[in-house]
Number of protein chains: 2
Amino acid sequence: MADDKIRNMEEFARMSGISRPTVSKYFNDPASVRASTRTRIEAALEQYDYRPNIYAMNQNRKLTKNVGVVVPLLSDPYFAEIARNLEQRCIAAGYRPTLFSSHGDPAFEVEVLETLRSLKPAGVLLAPLGRASDRKALEKFCEDVPTLIFDSSVDEIGLAFVGSDNFQFTAHITDYLCRTGEPPCFFEMKTPANPNAHRRRQSYLNAMEEFGHSPDVISVEGEGWGFEEIGRLGGHEVLDQGRFSTNTILCSNDRLAIGLLTACYEKNIRVGRGDDCAIRVAGQDGHPHSRYTCPPLTTISHNYDAVSQTAAEALFTAIEGQVSPWKSTRLEGKLILRDSA
Amino acid sequence: MADDKIRNMEEFARMSGISRPTVSKYFNDPASVRASTRTRIEAALEQYDYRPNIYAMNQNRKLTKNVGVVVPLLSDPYFAEIARNLEQRCIAAGYRPTLFSSHGDPAFEVEVLETLRSLKPAGVLLAPLGRASDRKALEKFCEDVPTLIFDSSVDEIGLAFVGSDNFQFTAHITDYLCRTGEPPCFFEMKTPANPNAHRRRQSYLNAMEEFGHSPDVISVEGEGWGFEEIGRLGGHEVLDQGRFSTNTILCSNDRLAIGLLTACYEKNIRVGRGDDCAIRVAGQDGHPHSRYTCPPLTTISHNYDAVSQTAAEALFTAIEGQVSPWKSTRLEGKLILRDSA
DNA sequence: ATGTAAATTTTACGCGCGTAAAGTTATTCG
DNA sequence: CGAATAACTTTACGCGCGTAAAATTTACAT
């Protein structure tokens, strides 16, 4: 490997004895050049291991291969997992994903979108912060860049929406809980940071009414994204005050449930469906960690694969020219029965 | 807001009645232009809300403000947390972090580095995959780009290394376990994917010898990054076969410990330090989730803040011209006593 | 051998901006 | 008020590549 440091495509083209435009064409699509040319380029590639500058490539391209992936908060394992899933799909489809976290901050979310404009992405997979999002900024962005909204919908913006059917989620698990024991009360944050919380509360209320039970929503204090700790502290308070009206608690999400389970542990309250257990606790999300709580958490899980596949494919077909009207796809969750409820 | 869509700096400069180079200078450092000019630019900014294209900016700049942050796997909450921490510090220091995950794959790690070259970063904060990493590729990258290695060291490459002192980690918690009960055996993966595993095993062996106990390393099967499940399945197997020679188990990392705790739960084995408990389990890392296991996990925690602060600052001073010889900084962990051991 | 289509090269320009040099205007100071 | 010094503008070029059009070469069939 005679590594005389190739600096740009010009130099590489000279070294391989082929014109730069043809080399450019090769990198754009190796099959678009004559076989003999391809061989020569690939031989030179072995010798000088040159790679085009991706950001310079995209500068003057009609359609880039960039795809932006934006999630509200990467340190939440749920978003980390779905982001990883989406990234893999982008790569598999020949796109270049770039991952961004909004860090739970609406202002930063707008910042991320501005950065994304500079990237000139062919498309964007965006999980907005939800209620906290700057609607107008999102809308404007969606007008300029093909954007698919996932996880949490904001009006009817973008190409389409793909997410879980939160109404089905909560209705389904509420139904399960009602059929197998006392009807649940609903444990949530008073001012939830995560996007789908309101939908789930509403769905709980609807379901309880439909099943002929009186609902009981318990909202605990707490700011930010430290849901486990909010669930734990809130759990202690509510348990101390005996505010749970039933022995069955449906949490707005798994992280809250995990905190509540810890509070129960600390209070020596047995959780589960056995006769020796005092309460049942269920979550919602299918959080990667829900399998490893004690007791393992009964939850209704997002269909991670289906959501990310549907979202990614919808974006790709839109990028590739298919025009279709705005559509909302809400996928059903799957009840995961474990020991906690 | 007369939004006649400004397309580039040229147009914006024309609209604000100022030359493009001066506008460019303004965006580079607002204080570098006359106050009256600044006012005019900022007035125009209000009207047309234009933003320079970041990637075009960096194309021909001597020193960019880009900083790459690379971690082995973003869906591991430990890395997610430290990455978030680093990102915030970069932003606070006026840099533009771009986050990358190696997806646990050495080939992809190299891919990420190639992408990073195109970004022309002023510096990179790199947590390598470790043993699995392509040493030569890393080395080459570090020669070209100012790179600070963190979390897991690979030879003496890059500007410096900042991480936790795994020897101190394991020695410290081993010492604690010895002083408070039976000496621990060591629970690990046979072929660990994470980088610091070997150091920790070695440190366990050293510590046990020093304390005059005979060590016992138990390595369980399992591939990949699903540590909890590996810990759970391995735990079942080892418990079934009665292969734990003592009642105290030190796990190579918290995620493994979380899985082992689940196995114990499933086997109805009480974990903790009470008289009614059969075994003690301890982890290592201070994983965000370790607080919420049942029982809460005793562990030795990375000093997240100190590691990320030291790493970030070391990189920034290097970027800003300070030349200093390669140095390895290993920060001590803090023992977090909880109920599991 | 000849014609034709495909591939390639040449040439030229563009993307959105940084940056250096030289000339012009504005500000400051004695 | 004139000179010195900033600050600014103009001009010109560069970064690393895409892309379009015209000219040339190559491949393949007849």
Side-chain angles (χ1 to χ4, degrees), chain A residues 5-42 44-45 48-66 96 114-122 144, chain B residues 5-42 44-45 48-66 96 114-122 144:
Chain A
K5 287 291 171 198
I6 303 293
R7 306 194 158 279
N8 52 39
M9 196 181 279
E10 189 80 51
E11 273 186 40
F12 176 76
R14 204 173 22 235
M15 301 310 290
S16 57
I18 292 178
S19 75
R20 190 182 63 75
T22 303
V23 172
S24 168
K25 215 176 161 205
Y26 167 84
F27 280 111
N28 217 327
D29 174 15
S32 71
V33 302
R34 205 187 300 150
S36 64
T37 317
R38 186 163 59 241
T39 312
R40 288 170 65 194
I41 293 180
E42 273 154 9
L45 228 39
Y48 299 101
D49 83 308
Y50 154 80
R51 301 215 3 181
N53 182 307
I54 301 155
Y55 299 97
M57 273 179 48
N58 291 330
Q59 185 116 23
N60 191 26
R61 206 173 219 170
K62 311 293 266 183
L63 199 58
T64 72
K65 283 291 188 180
N66 288 336
R96 307 194 99 269
E114 291 301 329
T115 302
L116 264 172
R117 281 177 194 273
S118 295
L119 237 192
K120 303 193 175 182
D144 300 338
Chain B
K5 288 291 173 196
I6 303 292
R7 307 197 158 275
N8 53 36
M9 196 181 279
E10 189 81 50
E11 272 187 39
F12 175 75
R14 204 171 24 232
M15 300 311 289
S16 58
I18 292 177
S19 74
R20 190 181 64 74
T22 304
V23 172
S24 168
K25 214 176 161 203
Y26 167 85
F27 280 112
N28 217 329
D29 175 14
S32 71
V33 303
R34 203 188 299 152
S36 64
T37 318
R38 185 163 57 242
T39 313
R40 288 171 64 194
I41 293 180
E42 272 154 10
L45 227 38
Y48 301 101
D49 85 309
Y50 154 80
R51 300 206 16 172
N53 182 308
I54 301 155
Y55 299 97
M57 274 178 46
N58 292 331
Q59 183 115 25
N60 192 25
R61 208 173 217 168
K62 311 293 266 183
L63 198 58
T64 74
K65 284 289 187 181
N66 288 336
R96 309 194 98 270
E114 292 300 330
T115 302
L116 265 171
R117 281 176 194 273
S118 295
L119 238 193
K120 303 193 175 183
D144 301 338

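By convention in this document, chain letters (A, B, ...) are assigned in the order of the sequence lines, proteins followed by strands, and residues within each chain are numbered from 1. Atoms considered below: every heavy atom in the structure, side chains included; atoms not considered: hydrogens, waters and symmetry mates.
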Student: What's the CE-C1' distance between B:Met57 and D:dG16, to the nearest Å?
Tutor: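 Going from B:Met57 (CE) to D:dG16 (C1'), I get 17 Å.
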Student: Please check if the side chain of B:Asn66 supplies one atom and the backbone of B:Leu119 the other of a donor-acceptor pair under 3.5 Å.
Tutor: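 Checking the backbone N and O of B:Leu119 against the side chain of B:Asn66, a donor-acceptor pair under 3.5 Å is found.
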Student: Establish, with yes or no, whether the OP1 or OP2 oxygen of C:dC17 is under 4.0 angstrom from a side-chain nitrogen or oxygen of B:Tyr50.
Tutor: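 Yes, within the criterion.
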Student: What residues, two or more places apart in sequence or in another chain, satisfy side-chain hydrogen bond (donor to acceptor under 3.5 Å, both in side chains) together with A:Glu114?
Tutor: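 For A:Glu114 there are no side-chain hydrogen bond (donor to acceptor under 3.5 Å, both in side chains) partners, ignoring immediate neighbours.
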Student: Report the distance from atom CE of B:Met9 to atom C1' of C:dG18, rounded to the nearest whole Å.
Tutor: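 Interatomic distance, CE of B:Met9 to C1' of C:dG18: 9 Å.
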Student: Could you pull out the closest heavy-atom pair between B:Tyr50 and B:Ile6, with the gap in Å?
Tutor: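 Taking B:Tyr50 first and B:Ile6 second, the nearest heavy atoms are CD1-CG2, 3.8 Å.
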Student: Counting only side-chain N and O atoms of A:Asn28, is one of them less than 4.0 Å from OP1 or OP2 of D:dT19?
Tutor: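 So the side-chain polar atoms of A:Asn28 do come within 4.0 Å of the phosphate oxygens OP1 or OP2 of D:dT19, strictly under.
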Student: Which nucleotides of nucleotides 8-15 of chain D have their base under 4.0 Å from a protein heavy atom (B), which only their sugar-phosphate (S), and which neither (-), written as one string 5' to 3'?
Tutor: SBBBB-BB
Student: Sequence neighbours left out, what passes side-chain contact (heavy atoms from CB on, under 4.5 Å) with B:Arg61? Give chain and number order.
Tutor: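 Counting only residues at least two positions away or on another chain, B:Arg61 forms a side-chain contact (heavy atoms from CB on, under 4.5 Å) with B:Asn28, B:Met57, B:Asn58, B:Thr64.
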Student: Going by the rule side-chain contact (heavy atoms from CB on, under 4.5 Å), which residues pair with A:Thr115 if we only count those two or more places apart in sequence or in a different chain?
Tutor: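 In terms of side-chain contact (heavy atoms from CB on, under 4.5 Å), with neighbours along the sequence ignored, A:Thr115 is linked to A:Phe100, B:Ile54, B:Tyr55, B:Arg96.
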Student: Between C:dT11 atom P and A:Glu10 atom CD, what is the distance in whole Å?
Tutor: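 Distance check: A:Glu10 CD to C:dT11 P gives 12 Å.
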Student: Going by side-chain contact (heavy atoms from CB on, under 4.5 Å), name the residues that satisfy it together with B:Arg20, two or more places apart in sequence or in a different chain.
Tutor: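 Once residues adjacent in sequence are excluded, the partners of B:Arg20 under the side-chain contact (heavy atoms from CB on, under 4.5 Å) criterion are B:Met9, B:Glu10, B:Ala13.
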Student: D:dA7 P sits how many Å from B:Ile41 CD1, rounded?
Tutor: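 The distance from CD1 of B:Ile41 to P of D:dA7 comes to 14 Å, rounded to the nearest Å.
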Student: Rounded to the nearest Å, what distance is computed from the CZ atom of residue A:Arg61 to the P atom of nucleotide C:dG16?
Tutor: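 Distance, rounded to whole Å: 16 Å.
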Student: Grab the CG-C1' distance between B:Asn53 and D:dC17 for me, whole Å please.
Tutor: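 Whole-Å distance recorded here is 14 Å.
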Student: Ignoring backbone atoms, establish whether B:Tyr26 has a side-chain N or O less than 4.0 Å from OP1 or OP2 of D:dA7.
Tutor: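 For B:Tyr26, the contact criterion (side-chain N or O under 4.0 Å from OP1 or OP2 of D:dA7) is not met.
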Student: Got a sec, which residues hit side-chain contact (heavy atoms from CB on, under 4.5 Å) with A:Pro21, two or more places apart in sequence or on another chain?
Tutor: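 A:Ser19.
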Student: If I take atom NZ in residue A:Lys62 and atom C1' in nucleotide D:dC17, what distance separates them, rounded to the nearest angstrom?
Tutor: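 After rounding, the reported distance stands at 15 Å.
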Student: A:Arg117 has an atom CZ; how far is it from atom P of C:dG16, in whole Å?
Tutor: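 One finds 14 Å between P of C:dG16 and CZ of A:Arg117, rounded.
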